[in-house]
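For reference, the structure is listed below as structure tokens.
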Amino acid sequence: MESDALDIAFKKAVESINEHTDPFPADVLLNLYAYYKRATDSQGSSASEGNKPLISAFKTNALFQTRNLSEDEAKQLYIDTVNRYFLYRK
């Protein structure tokens, strides 16, 4: 997918997740979190969650597992995860 088309598809996928009101499974949320962070911040800033160390640990682990992804790869995986989630919900 070309860069412009990838950016547009990524933004649409993010919008669809932000507009969705039902709760997401934890594994989907963690994947989306890690892919989004990699896609929008190549440094993969920390997963600090204040006084919730367990949540922070899961986020840190998710980021660690995506450490070798490029921004474009992370965008594509985010899009794929969103599409798969909504496909299986039907």
Side-chain angles (χ1 to χ4, degrees):
M1 189 179 294
E2 287 188 31
S3 187
D4 289 342
L6 182 63
D7 288 341
I8 292 168
F10 177 70
K11 287 177 185 175
K12 286 182 181 179
V14 170
E15 287 174 11
S16 69
I17 291 299
N18 289 336
E19 292 172 357
H20 188 68
T21 57
D22 292 337
F24 291 96
D27 60 329
V28 172
L29 278 177
L30 283 170
N31 285 330
L32 291 173
Y33 168 79
Y35 297 148
Y36 182 85
K37 291 295 281 184
R38 290 290 174 210
T40 60
D41 178 21
S42 62
Q43 300 301 314
S45 60
S46 71
S48 176
E49 191 62 33
N51 62 356
K52 299 179 181 178
L54 184 60
I55 292 172
S56 181
F58 278 112
K59 286 182 171 182
T60 300
N61 184 50
L63 284 173
F64 180 76
Q65 292 178 22
T66 63
R67 70 190 177 279
N68 294 321
L69 295 178
S70 69
E71 288 183 17
D72 284 350
E73 289 170 325
K75 286 178 184 179
Q76 186 61 58
L77 286 168
Y78 187 98
I79 293 163
D80 294 344
T81 302
V82 169
N83 290 340
R84 199 169 38 254
Y85 175 77
F86 285 119
L87 176 68
Y88 292 128
R89 284 190 41 94
K90 290 182 179 180

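To the nearest 0.5 Å, atoms NZ (Lys75) and CG (Asp80) are separated by 14.0 Å. Atom CD of residue Glu71 and atom CG of residue Asp7 lie 9.5 Å apart, to the nearest 0.5 angstrom.
Closest approach of Ala74 and Ala39 over heavy atoms only: CB-N, 3.6 Å. Counting all heavy atoms, side chain and backbone alike, Ala62 lies closest to Ala34 at O-CB, 3.5 Å.
The hydrophobic cluster containing Phe86 also contains Tyr36, counting ILVMFWY residues as joined when their side-chain heavy atoms lie under 4.5 angstrom apart, directly or transitively. Under the 4.5 Å side-chain heavy-atom criterion for ILVMFWY residues, no single connected hydrophobic cluster contains both Leu29 and Phe64.
With sequence neighbours excluded, the residues forming a side chain to side chain contact (heavy atoms under 4.5 Å, CB included) with Asp22 are His20, Arg89, listed by chain and number. Take Asn83 and apply the side chain to side chain contact (heavy atoms under 4.5 Å, CB included) test, not counting sequence neighbours, and it matches Ile79. Scored by the side chain to side chain contact (heavy atoms under 4.5 Å, CB included) test, Asn61 finds Gln65 as partners (sequence neighbours excluded). Among residues two or more places apart in sequence or in another chain, the salt bridge (Lys or Arg N to Asp or Glu O under 4.0 Å) test is passed with Asp72 by none. In terms of the side chain to side chain donor-acceptor pair (under 3.5 Å) criterion, residue partners of Ser70 (sequence neighbours excluded) are, by chain and number, Glu73.
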side-chain contact (heavy atoms from CB on, under 4.5 Å) between Leu32 and Tyr85, intermediate numbers included: CA-CA 11 Å; Leu32 291 173; Tyr85 175 77; over 6 Å; no

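Under a cutoff of 6.0 Å and an axis angle of 45°, Arg38 and Tyr35 do not form a cation-pi pair.
Membership of the apolar cluster around Phe58 extends to Leu30, Leu54, as traced through chained side-chain contacts below 4.5 Å between ILVMFWY residues.
Taking 4.5 Å as the limit, every side-chain heavy atom of Asn31 sits out of range of all side-chain heavy atoms of Tyr78.
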